[in-house]
Amino acid sequence: MQENATLPQTGAAEAHIPAGVYAETVTEVQHYTDRLFRFRITRPAAFRFRSGEFVMIGLPNAERPVYRAYSIASPSWDEEIEFFSIKVPNGPLTEHLQKIRPGDTVLMRKKPTGTLVNDALLPGKRVYMFSTGTGIAPFASLIRDPETYEKFGEVILTHTCREVAELEYGLELVRKLMEDELVGELARAQLRHYPTVTREPYPVMGRITDLMASGKLFADLGVPPICPEDDRGMICGSMAMLRDTKEALEDFGLVEGSNAQPGSFVVERAFVD
Ligand code: A2P
C-alpha cells in the first residue's frame, strides 16, 4: 500500500499516450441499436479539419493502441468532435470503444485527411451524398457546414440501412439541423433527406443503386436524372456499395475527382468493419 501512495498521480489512461496524438475526453455517448452508437469528445484548440475528413482514433488501453479511421461527423466550426460508429463483434477497437462513457479518454491522431470534401468537387447545381450505414458520418459534417450550401444549390442526402432503427441517427441529425441557429435556414431551403430501408417495411424501400436505376429516386425528388453538367456526387459506404454506386454515377457521365483534381464525384469507404 505504501508503494501505491508514491505512484505519480496520472490516471491509467495517461500512461499510454504516444506522441503525435491528442488525448481527449468523452463528453456524450448515445446508443441507437445494438450495432450503432454516436459519441462526442472535446476538441483540441489547435485541431483543424475540413468538413467531411476522417481521422485515426484509438483507446489508451494498451501499450500499442489499435487505431481505426473514423469520419468526423461534426462540422469544422463545432466546439466538440462527433463520431458515429458501428459495434463490430470482437472488433479490436470497437469491442472496447462501444463501452466508453463520458469522462473517459479517446486518442485521436493529429492529422485529418480525406476526399469527401467540398474542395474535391467542381461547383454544381445539386450535390448528392450517397450513404449506407455509418457512411452517413462525413455527410453529417458536410450538411452542417454553411460552405456546402454556398457551393451547391441543392443538397440531397440519401441514407440506406438494413433496418428502420438504423436510420435514427440521420433522422435525428436532420431534425435538429432544421432548427439550428447557424445553418437551419440554409438547410430548410436547400437540404433534402432521402432515407431508405432494405430489409424491413418502410415508405421507401430498396438499395440506392436500384432506386437510381429504376428512376424512382428522381421521380420521388422531382428532379431530372443525374447529368454531368448539373450534378455532383459523394459516396460513403461498404466496398460493394461504393463500387456499384460509382459505376452508376459513371454511367450518368460523372467523373471521379480528388483534392488534386476536382471532379464531379468523390468516393470514400466507411472504414470500420
Ligand atoms: P441489403 O440489405 O440489400 O444488403 P451493410 O450493413 O451490409 O453495409 O448494408 C447497409 C445497406 O447498404 C443495406 O441496406 C444494404 O442493402 C445496402 N447495400 C449493400 N450492398 C450494396 C451495394 N452493393 N449497393 C448498394 N447498396 C448496398
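Keep in mind that what you see is a predicted model, and the values were worked out from it rather than measured. One-based numbering, in listed order, for ligands and for the atoms of each.
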May I ask whether [X] has any heavy atom positioned less than 4.0 angstrom from an atom of ligand 1?
X: Arg35; result: yes
X: Cys161; result: yes
X: Ile208; result: no

Less than 4.0 angstrom from a charged side-chain N to a carboxylate O is my criterion; do [X] and [Y] meet it?
X: Asp180; Y: Arg144; value: no
X: Glu250; Y: Lys246; value: yes
X: Glu53; Y: Lys111; value: no
X: Arg43; Y: Glu79; value: no

Residue and atom name of the nearest protein heavy atom (relative to [atom]), distance in Å to one decimal:
atom: atom 18 (N) of ligand 1; answer: Arg207 NE, 3.7 Å
atom: atom 8 (O) of ligand 1; answer: Ser238 CB, 4.0 Å
atom: atom 7 (O) of ligand 1; answer: Arg162 NH2, 2.9 Å
atom: atom 12 (O) of ligand 1; answer: Thr132 CG2, 3.2 Å

Worksheet item: Cation over ring, Lys110 on Phe47, under 6.0 Å and within 45°?
Response: no
